[in-house]
Amino acid sequence: MIRLSEAEWKVMNVLWEEAPQTIMQLTRCFSETTGWTKHTIMTFLKRMEDKGAVYYDAGERAKQYFPKIERREAVLQETEEFLERVFDGRMGLMLNTMVEQKALSGTEIAELYEILRRAEEQGESADGTVERTVRGEEGERL
């Protein structure tokens with residue numbers, strides 16, 4: 001499991017959008033918005049390399065950095081960890097909290113309906129019934 005800091009997420013997002021990147025390209029990318037220097041970027045990249053999040057190829061003049069993990073994999077891992085840590089792994093509790101706080105726009109609610117509709121369609125068996133996982137009070141499958 002690779003755990004990324006907030007700063008490392010910023011670097012990864014740039015690499016996922018356009019790789020490879022050199023240290024100097026990343027420094028130019030972040031210098032105005034974050035004030036990060038070349039040495040800061042080098043520290044992040046070394047730490048991320050040690051974690052297995054990035055790798056580099058030695059280019060003609062500079063190292064070319066690439067993401068070693070896919071965005072989808074990192075997002076899923078981070079989401080599951082957040083859900084477990086903050087909401088005891090309960091998606092319903094998270095969504096209920098968002099609804100109670102009026103934190104969801106009409107567009108976001110429509111997106112959720114569409115996501116749930118697709119999930120239900122994908123869960124349909126050959127006889128047209130929807131497979132559901134039923135959980136007890138302690139979260140165990142029944």
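Counting begins at 1 with the first residue of the sequence.
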Flag side-chain contact, heavy atom, 4.5 Å: [X] against [Y]:
X	Y	result
Lys10	Phe30	yes
Leu15	Phe66	no
Tyr65	Pro20	no
Leu4	Val11	no
Lys38	Met42	yes
Met24	Ile41	no
Met91	Leu95	yes
Gln21	Glu18	yes

Atom [atom1] of [X] and atom [atom2] of [Y]: how far apart are they, to the nearest 0.5 Å?
X	Y	atom1	atom2	value
Glu32	Thr27	CD	OG1	12.5 Å
Arg28	Ile23	CZ	CD1	12.0 Å
Glu121	Arg118	CD	CZ	9.0 Å
Ser31	Leu26	OG	CG	11.0 Å

Starting from [Y], can I reach [X] by hopping between I/L/V/M/F/W/Y residues whose side chains sit under 4.5 Å apart?
X	Y	answer
Leu76	Ile115	no
Val86	Met94	yes
Phe82	Leu93	yes
Met48	Trp9	yes

Crowding at [atom1], [X] (>12 non-hydrogen neighbours, <6.0 Å):
X	atom1	result
Tyr56	OH	no
Lys51	NZ	yes
Arg47	CZ	yes

Inset, instruction - Applying side-chain contact (heavy atoms from CB on, under 4.5 Å) between Leu112 and each of Val99, Leu104, Thr107, report the one that passes. - result: Leu104

Would you say [X]'s side chain and [Y]'s backbone share a donor-acceptor pair under 3.5 angstrom?
X	Y	value
Glu78	Val75	no
Gln25	Thr22	yes
Glu8	Phe44	no
Asn96	Gly92	no

Inset, instruction - For Glu81, enumerate each residue passing the side chain to side chain contact (heavy atoms under 4.5 Å, CB included) test, keeping only those at least two apart in sequence or located in another chain. - result: Met1, Arg3, Arg85

Inset, instruction - Taking all heavy atoms of Trp16 and all of Ala74, pick out the closest pair and write down the distance. - result: CH2-CB, 3.7 Å

Legend entry - Closest approach of Gly52 to Ile69 (non-hydrogen atoms, all atoms of both residues): O-CG2, 3.8 Å

Legend entry - Side-chain ion pair, Glu17 and Arg71, N-O less than 4.0 Å: yes

Legend entry - Ion pair check, Glu114 and Arg117, cut-off under 4.0 Å: yes

Legend entry - Side chains of Thr40 and Thr37, donor plus acceptor under 3.5 Å: yes

